[in-house]
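Here is the structure we will look at.
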Amino acid sequence: MERRARDWDRLRGETFDVLVVGGGITGVGCVLDAASRGLNAALVEQEDIASGTSSRSSGLIHGGLRYLEQFRFGLVREALAERGRLLRLAPHLVRLAPFLFPVFGTPLHRPFYATGLTLYDMLGASGDGGPHRFVGVEQALELAPALRRERLRGGFLYHDGVEDDARFALAVARTARSIGGVVLTRAETVEVLRKGERVSGVRVRDRLSGDEAAVTAIAVIDATGPWSGEEGPFATGSSVRRSKIRPSRGTHVLVSRSRIPGSTGLTLRLPGRVAFLVPWPSHWLIGTTDRPYEGRPEDIRPTAEEVDEILETVNRRLTLDLTRADLLGAYAGVRPLVAEGSVRGSTVKVSREHRVRVDADGLTRIQGGKYTTYRLMARDAVDAALGAGAPPSATDSLPIAGAAEPDRLARIADNLSRRLESHDVPASAAAGLVARHGAEATDVVDLGQHTDLLRLLAPDSDHLEAEIVWAARHELALSIDDFLVRRTRLGLERPDRAEDLAPRVAEVLGGELGWDVGRQVDELEAYLASAHRQFDVP
């Protein structure tokens with residue numbers, strides 16, 4: 001909280017070169033990009049880092065195989081180049097995973113999909129995971145035993161990137177802070193400030209204390225994603241929203257890893273839809289739907305119809321007959337897709353490419369895009385905001401917080417496994433710590449020893465109680481929701497929304513944030529109500 005108080009003082013007392021509004025992946029990318037240029041940069045976010053769309057994705061860092069059918073070769077090449085860069089800059093958070101693309105139907109389907117995957121390799125996919133290869137029916141069933149044998153022709157094995165989207169966005173924000181940027185959450189923009197006809201900053205309200213601050217800046221970037229152009233200080237009117245932003249809703253479900261046997265991820269193709277089964281240690285992340293959305297971004301919830309669509313897609317290709325009883329949870333997010341003119345009908349064909357617009361009053365808006373290319377989006381937005389003569393971006397070679405060479409990360413995990421065992425913590429917890437914190441996992445364990453919190457949060461979890469304190473002191477966590485939903489994904493992965501763990505989180509986090517017992521109870525009740533509303537299966 002001391003760092004937060006200092007950041008408020010900086011917001012009040014300094015004029016920034018770049019001020020970013022919105023703490024999703026695009027916004028944190030912008031503040032990091034500006035700071036990497038040696039500029040005085042700040043970001044304000046009304047909720048938590050990645051509390052909206054950026055913690056509700058498919059968790060993929062990929063080129064986008066399906067964009068090849070739309071002949072978006074440039075987008076795929078660009079995204080695959082960024083995938084390779086992120087594997088180098090954040091190897092603890094982005095990893096390659098094998099995916100099986102099973103082929104069903106007539107013999108003609110194999111050469112059709114082979115052509116697409118060959119093109120995917122040529123555009124850059126083979127540079128990281130090697131070229132794709134075809135496997136026959138029996139080997140496909142060894143990799144994914146639940147595949148339906150009827151009309152199965154084999155499958156293509158390829159690689160794509162997998163990430164924890166919320167932790168990645170957080171790490172980008174923390175990297176910006178480490179080189180001088182200001183990142184403040186629970187800081188709501190309530191008014192746009194102008195000097196003459198030009199935007200000169202924003203007025204921000206602290207949602208914790210109610211205090212307000214006028215934050216001045218040479219350039220202001222609206223990175224509010226699906227909130228851009230809606231009600232509020234950056235409202236542009238419904239005509240602009242219809243012509244520039246085409247919101248698309250996407251729903252995902254979580255299934256226990258043990259429920260679906262298999263050693264690879266799966267890419268399932270049906271007419272008009274694609275479903276990914278993304279592997280995580282304890283669960284499968286399955287999605288996504290892609291439908292137009294007309295509501296407010298903060299009101300989005302999974303619908304029964306969307307869950308049925310996902311289950312029907314999976315059950316048509318697998319023999320498992322999944323039902324709602326198999327689902328651990330569900331979530332939905334809004335993609336702020338860019339449309340050229342008024343677009344009607346399906347959002348599947350709306351471009352994932354981004355657009356940067358500088359309004360007549362100098363406000364810069366960044367819209368559209370995809371998670372994988374966030375760095376390019378941020379670079380383009382800051383270039384546009386500053387105009388000619390801007391210092392060059394340095395994010396193409398800037399490691400993300402916690403990054404280290406894979407060999408070093410392996411050594412850290414090995415060392416930590418021995419340290420944890422000496423404190424009666426299972427050695428297996430070390431791998432999860434390194435996957436979440438990278439090279440900083442050692443610091444988390446040191447903190448656990450110092451605070452006497454070097455113990456598991458739950459017997460069936462690899463999370464340490466020390467991570468609660470670490471989240472409060474170093475990761476901007478200000479609520480139970482911040483910790484259980486985004487610093488960890490326990491609130492999504494556990495069917496009870498981690499209700500059994502939440503009281504201990506409230507106690508430890510409350511000790512760091514100065515909550516008395518009554519406040520802990522209130523925070524606990526608020527978290528449970530919110531988590532069940534957002535993530536329970538409809």
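Because the structure is a prediction, the values reported are computed rather than measured.
- A search for salt bridge (charged side-chain N to carboxylate O under 4.0 Å, His left out) contacts involving Glu47 returns Arg207, not counting sequence neighbours.
- Using a 4.5 Å heavy-atom cutoff, the side chains of Thr118 and His132 are in contact.
- Listed by chain and number, the residues in a salt bridge (charged side-chain N to carboxylate O under 4.0 Å, His left out) with Glu306 are Arg249 (sequence neighbours excluded).
- For the residue pair Leu464 and Val425, the shortest heavy atom distance occurs at CD2-CG1, 4.0 Å.
- The salt bridge (Lys or Arg N to Asp or Glu O under 4.0 Å) contacts involving residues 170-183 comprise Asp7-Arg177, Arg174-Glu440, where partners must be two or more places apart or lie in separate chains.
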What donor-acceptor contacts under 3.5 angstrom involve side-chain atoms of residues 453-460, with partners at least two apart or in another chain?
unit_1: Arg455; atom_1: NH1; unit_2: Asp452; atom_2: O; d: 3.1
unit_1: Arg455; atom_1: NH1; unit_2: Glu465; atom_2: OE1; d: 2.9
unit_1: Arg455; atom_1: NH2; unit_2: Asp452; atom_2: O; d: 2.9
unit_1: Asp460; atom_1: OD1; unit_2: Arg494; atom_2: NH1; d: 3.3
unit_1: Asp460; atom_1: OD1; unit_2: Arg494; atom_2: NH2; d: 3.2
unit_1: Asp460; atom_1: OD2; unit_2: Arg494; atom_2: NH2; d: 3.4

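- For His532, the side-chain contact (heavy atoms from CB on, under 4.5 Å) criterion is met by Arg497, Glu499, Leu528, Asp536, not counting sequence neighbours.
- Residue pairs meeting the side-chain hydrogen bond (donor to acceptor under 3.5 Å, both in side chains) criterion with at least one partner in residues 400-414, sequence neighbours excluded, are Asp414-Arg418.
- In this view, Phe483 satisfies the ring pair (Phe, Tyr, Trp, His ring centres under 6.0 Å) rule with no residue, not counting sequence neighbours.
- Closest approach of Gly64 and Tyr120 over heavy atoms only: N-OH, 3.6 Å.
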Got a list of side-chain donor-acceptor pairs under 3.5 Å for residues 86-101, not counting sequence neighbours?
unit_1: Arg88; atom_1: NH1; unit_2: Gly84; atom_2: O; d: 3.2
unit_1: His92; atom_1: NE2; unit_2: Ala401; atom_2: O; d: 2.8
unit_1: Arg95; atom_1: NH2; unit_2: Pro279; atom_2: O; d: 3.0

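- Under the ring pair (Phe, Tyr, Trp, His ring centres under 6.0 Å) criterion, His474 pairs with Trp470, not counting sequence neighbours.
- Counting only residues at least two apart or in different chains, salt bridge (Lys or Arg N to Asp or Glu O under 4.0 Å) contacts with residues 122-135 comprise Arg83-Asp128.
- When the side-chain contact (heavy atoms from CB on, under 4.5 Å) test is applied to Phe134, the partners found at least two apart in sequence or on another chain are Arg110, Phe156.
- For Asp206, the side chain to side chain donor-acceptor pair (under 3.5 Å) partners at least two apart in sequence or on another chain are Arg4, Trp8, Ser209.
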